[in-house]
Amino acid sequence: MDHFDYRDGVLHAEDVSLAAIAEAVGTPAYVYSRATLARHARVFREGLAALPSVHLAYAVKANPNLAVLKVLAAEGFGADVVSVGEMERALAAGMPASGIVFSGVGKTGAEMARALAAGIGQFNLESEEEGVELAAIAAALGKTAQAALRVNPDVDAGTHGKISTGKAENKFGVPYDRADGIYARLAALSGSGPGLAMRGLAVHIGSQLASLAPLEAAFTKMGELMRAIRAQGLAVTHMDLGGGIGVPYKAGEIFPSPAEYGAMVARVTADWGATLMFEPGRVIAGNSGVLLTRVIRVKPGVSCPFVIVDAAMNDLARPALYDAWHDFLAVAPTGEAMTANIVGPICESSDTFAMGRPIDAVAPGDLAVFRTAGAYGATMASTYNSRALVPEVMVDGNRWAVVAERIDPATILAAERVPEWLD
Ligand code: LLP
């Protein structure tokens, strides 16, 4: 459930008309609902209420806006980060360092040192080499790095190939069959002084999962691995089960609920005796935001017209990258319908949001939204074609604020330099 509803024929975010926001901020613009974000955070937490010891680390990559992180910090979420840039955002939002998990295959030595200095709670190691490097950096700094080993369970998540992470051929984690040996060698690096402290295992098999079955298969394998490692006399106190729960992008689609997910996790992990960590991203942020856009022009096409909107693939890359579907709704529908190709102004054919889609009839100047744009929307925006970096707005009841300004092409141009030898 979210808080984007029609009132008197006009789409609102909570109590604010999207037409009023478009008037004040211009388009395109992302609009987030604070109440929806907070609700999703609570529903996720409630879904896990039966579990004895839980740590929630919001996947910052899904939507790293500072105001969004503030809302989630207030809901008691820590953060899953994949760069020092994301870590600094989580800290700036007031998330305690101890609640931050650092994931990612390519952490640099400088990033590890900065994260150790900040005192983050856990590093999720993606290779033995990374663990050896982290141990040395931590020892040199007189710090102890709490760490988990990310394992690739070779389970097919059944999602889009570009967002699948748990198959043997993917770059993530260490191979399942070698994980116990790697864990033992990394655990042996921890002496009595500072350095590496192996405490757990981590898994994340992909994003936008439509079914719980692959997650259950992966978690079951992780439980067996945990037991095998403990049988060697090594401690495994933390099990990070990642993110990945999918969300409906089309009205009426049904996805596993956080309660169903929680029930599955409770069943699989009943005898684990470990703190369970979660890294949800999309399920928290996805349906908490829309991309507000205005129709520039309607142009005849061969089989149906092109609706050219002022948002483009640089603002919302998911359709171009993953053939993703985002529902398109008029802000003030007339009740008429049309079938259209929805495209942006960018000069390549991948700048297409939908082909031959039945939609609300729209005309030049009309406002519309792409739904389910709160996750992997603004965060993946670029300035391709020298377009502005898209602004972000948050609504809270009957008030709203710009939470990321539009960065116009002139500002971006001002950061560029022409060397004297070109003058
Ligand atoms: N943990 C790790 C280690 C991850 O790599 C990810 C997402 C998450 C957690 C959060 O997954 P979620 O709960 O959001 O599914 N740009 C793509 C999605 C990429 C996801 C990358 N990793 C998209 O727009 O669909």
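Note that these values count all heavy atoms, side chains included, but never hydrogens, waters or copies made by symmetry. As the structure lists them, so they are numbered: ligands from 1, and atoms in each ligand from 1.
Of the options Lys162, Arg318, Glu279, the smallest heavy-atom separation from atom 1 (N) of ligand 1 is shown by Glu279.
At a 3.5 angstrom cut-off on N or O pairs, Gly281 counts as close to ligand 1. The distance criterion of under 3.5 Å between nitrogen or oxygen atoms is met by Arg282 with respect to ligand 1. Residue contacts with ligand 1: Ser207 is placed with a nitrogen or oxygen under 3.5 Å of a nitrogen or oxygen of the ligand (distance criterion only). Between Gly244 and ligand 1, a contact under 3.5 Å exists for at least one N or O pair.
Between Lys162 and Asp323, no side-chain nitrogen of the basic residue sits less than 4.0 Å from a carboxylate oxygen of the acidic one, so the salt-bridge criterion is not met. Contact check on Arg34 versus Glu14 returns no salt bridge, with no Lys/Arg side-chain nitrogen under 4.0 Å from an Asp/Glu carboxylate oxygen. Taking 4.0 Å as the cut-off between side-chain N and carboxylate O, Asp154 and Lys167 count as a salt-bridged pair. Between Glu75 and Arg45 there is no salt bridge, since none of the side-chain N atoms of the basic residue sits less than 4.0 Å from a carboxylate O of the acidic one. A salt bridge does not link Asp240 to Arg150: none of the charged nitrogens lies less than 4.0 Å from a carboxylate oxygen.
Between Glu279 and Asn124, some side-chain heavy-atom pair lies under the 4.5 Å cut-off. Looking at Glu392 and Asn63, their side chains come closer than 4.5 Å, going by heavy atoms from C-beta outward.
For atom 20 (C) of ligand 1, the closest non-hydrogen atom of the protein is Tyr376 OH, 3.6 Å. Protein heavy atom closest to atom 21 (C) of ligand 1, with residue, atom name and distance, is Lys61 CD, 3.7 Å. Among protein heavy atoms, the minimum distance from atom 11 (O) of ligand 1 is reached at His204 CE1, 3.4 Å.
Atom numbering of ligand 1 starts at 1 in the shown order; those under 4.0 Å from a heavy atom of Arg150 are 3 (C). Close contacts between ligand 1 and Asp80 involve ligand atoms 1 (N), 2 (C), 9 (C) [criterion: under 4.0 Å to a heavy atom]. Of all atoms in ligand 1, listed by their number and element, those nearer than 4.0 Å to a heavy atom of Met380 are 16 (N). Taking every non-hydrogen atom of Pro280 and a distance limit under 4.0 Å, the qualifying atoms of ligand 1 come out as 13 (O). Each of the following atoms of ligand 1 lies closer than 4.0 Å to a heavy atom of Gly243: 9 (C), 13 (O).
Ligand 1 lies nowhere less than 4.0 angstrom from a heavy atom belonging to Thr165.
Contacts between Tyr322 and ligand 1, counted as non-hydrogen atom pairs separated by less than 4.0 Å, involve the side chain only. The residue His160 has no part lying near ligand 1, judged by heavy-atom distances below 4.0 Å.
Taking the centre and axis of the six-membered ring of Phe102, the NZ or CZ atom of Lys107 falls inside the cone set by 45° and 6.0 Å.
Within a 6.0 Å sphere centred on CD of Glu253, heavy atoms belonging to other residues, nucleotides or ligands number more than 12. Annotation: Arg399, atom CZ; neighbour count of heavy atoms from other residues, nucleotides and ligands within 6.0 Å does not exceed 12.
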